[in-house]
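Given the structure is predicted, the values throughout are model-derived calculations rather than measurements. Each chain gets a letter, A, B and so on, in the order the sequences are listed, and its residues count up from 1.
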There are 2 protein chains.
Amino acid sequence: MEWEIGVASKHELARKLRQRINQGEFSETGKLPTEDQLIEQYQVSRYCVRGAIAVLAAAGEVFPVRGSGVFVREDRVGNYMPIGSSNGIVADFPDRKVSSFVQELALIRADKQLAKRMRCAEGDQVWRVVRLRSVNDQPISYETAWYLKEYVPYLNEEIARGSLYAYMRDDLGLTFGFDDKVIHMGWLTAEAARLLELNEGDPAICIEDDAFLSNGKLFNASRNLYHYKNAKFYSMASMR
Amino acid sequence: MEWEIGVASKHELARKLRQRINQGEFSETGKLPTEDQLIEQYQVSRYCVRGAIAVLAAAGEVFPVRGSGVFVREDRVGNYMPIGSSNGIVADFPDRKVSSFVQELALIRADKQLAKRMRCAEGDQVWRVVRLRSVNDQPISYETAWYLKEYVPYLNEEIARGSLYAYMRDDLGLTFGFDDKVIHMGWLTAEAARLLELNEGDPAICIEDDAFLSNGKLFNASRNLYHYKNAKFYSMASMR
DNA sequence: TAGTGGTCTAGACCACAAA
DNA sequence: TTGTGGTCTAGACCACTAT
């Protein structure tokens, strides 16, 4: 059976299991094979199997019940954006048309306030990128983002029109670590309102995001003002 | 040294390490002891040490960097509520005065719409609880919550004034599994506005929460309308 | 090159769910 | 009672960081 071949790591195994889940292979029972069966099927250790299941569980795709099995969770409804782990809006919506309209792209020097936010020295060089982001031609958010030039030596409008995260990961070789978000209520500026096709002063869910590399250094901060109708979010978490 | 004694599980070890972090023991280096040192200090296996660190990392308290060490993350600022894992607002703010004013507490039968939300049959008994929640005497949210009577056989106003989650966990012996949240923009009803001391029609961050037991069964759903000034949220996530 | 976290194998026992 | 996931020990090697 084809899924027996060539599994070498928990991430690879997680990917294969995700595939089988999405193909509906387990929809009858609603459960994954048992750990012992997966050990047998993929010829890996229990540690590896448990690691793969932990990856899927952290992503909210399955939930293990002791003594009973690993259950596939209900489908997440379609139109929501994940809060928490994200590798960029483009990766979040693989089968949707994601567009970014670059309003501004400039290399600036951090003033006192920005330096504090970026954990850098005053005067350090920072890319400032303002974009309107839309999904399936619906405006989603007005984003103001800053990137430390130390880690992103080059940037242009064409790159900013696409996925900056994919650029940083694939072309610059940066490895992402974790990010902090703060969510609160904000209000649209005139320019944000114009681009989102709303009115100045309209309320917006505002997310401040600080993103760190795997070495713990901040490389990117951003402020997103989300369209109050078009943007919804979901979060799936363990309570244990 | 006192921290060497009596560690039997990753959760226990995580608790002890958290204590040492909060006491500032590692503030000089910003790093935890190495895995090998922790193995030595607590006389446990590497697996156990790694498990404890994973618990802290999942909670956003530390971040491990391969080849370098396990770093303590910056303090989370004070006044924010966690999105993602939560065991109730009371547990989230251990050193604040959390009050709940019960507006309504009734045992009802699920209509078609509620039955769908609660994953139960039409006509099943459900507790409906409406509360104004406040932290340090500031109104935070207007909450409408439903609890399946199947899992919560008894409820009264006194219990609802306190922590329903503590009641369910400690007195009813329920074990929580995971929860799904949907975050979007909402608008205050007249009653919600009155209680939150805002105006009808004011915007509010709205969080719909479905909470499941560790056996995968939904036991509680709720809708929270948050005060747009008093309520802010944070989320810390891994990007790996 | 040495130190440190990441992954993996192999094997054991425990806690909980379901029959 | 049996099956299944949760935790733990012991030991090994790999990948990345820092020097």
How close or far is atom [atom2] of [N] from atom [atom1] of [X], stated in whole angstroms?
{"X": "B:R66", "N": "D:dC13", "atom1": "CZ", "atom2": "C1'", "result": "12 Å"}
{"X": "A:E12", "N": "C:dC8", "atom1": "CD", "atom2": "C1'", "result": "14 Å"}
{"X": "A:F63", "N": "C:dA17", "atom1": "CZ", "atom2": "P", "result": "13 Å"}
{"X": "A:L13", "N": "C:dG6", "atom1": "CG", "atom2": "C1'", "result": "17 Å"}
{"X": "A:F71", "N": "D:dT4", "atom1": "CZ", "atom2": "P", "result": "11 Å"}
{"X": "A:I39", "N": "C:dA12", "atom1": "CD1", "atom2": "P", "result": "14 Å"}
{"X": "B:I53", "N": "D:dC8", "atom1": "CD1", "atom2": "C1'", "result": "16 Å"}
{"X": "A:Q43", "N": "C:dT9", "atom1": "CD", "atom2": "C1'", "result": "13 Å"}

With a 4.0 Å cutoff (strictly under), does any side-chain N or O of B:S45 reach OP1 or OP2 of D:dA10?
no
Closest approach to the side chain of [X], judged atom by atom: which nucleotide of [options] is it?
{"X": "A:K10", "options": "D:dG5, C:dT7, C:dA17", "answer": "C:dT7"}
{"X": "A:H11", "options": "D:dT7, C:dT7, C:dG6", "answer": "C:dT7"}
{"X": "B:S68", "options": "C:dG6, D:dA18, D:dG6", "answer": "D:dA18"}
{"X": "B:C48", "options": "C:dG5, D:dC8, D:dG5", "answer": "D:dC8"}
{"X": "B:Y47", "options": "D:dT7, D:dG5, C:dG5", "answer": "D:dT7"}

What heavy-atom pair brings A:S214 and B:V65 nearest, and what distance separates the two atoms?
O-CG2, 3.3 Å
What closest approach, in Å, do B:Y165 and B:N220 show between heavy atoms, and which atom pair accounts for it?
OH-OD1, 3.0 Å
B:R133 and B:E143 ion-paired at < 4.0 Å:
yes
Mapping B:R50 and B:K31 to their closest nucleotides on DNA chain C, which lands nearer the 5' end?
B:K31
DNA chain C: B:N215 or B:P33, which has the more 5' nearest nucleotide?
B:P33
Of A:G69 and A:T175, whose closest DNA chain D nucleotide lies nearer the 5' terminus?
A:G69
If the test is ring-ring contact (aromatic ring centres under 6.0 Å, His included), which one of A:W127, A:F176, A:W146 qualifies with A:F219?
A:F176
Donor/acceptor link under 3.5 angstrom from A:R46 side chain onto base of D:dG6
yes
Centroid-centroid under 6.0 Å between A:F212 and B:F63 rings:
no
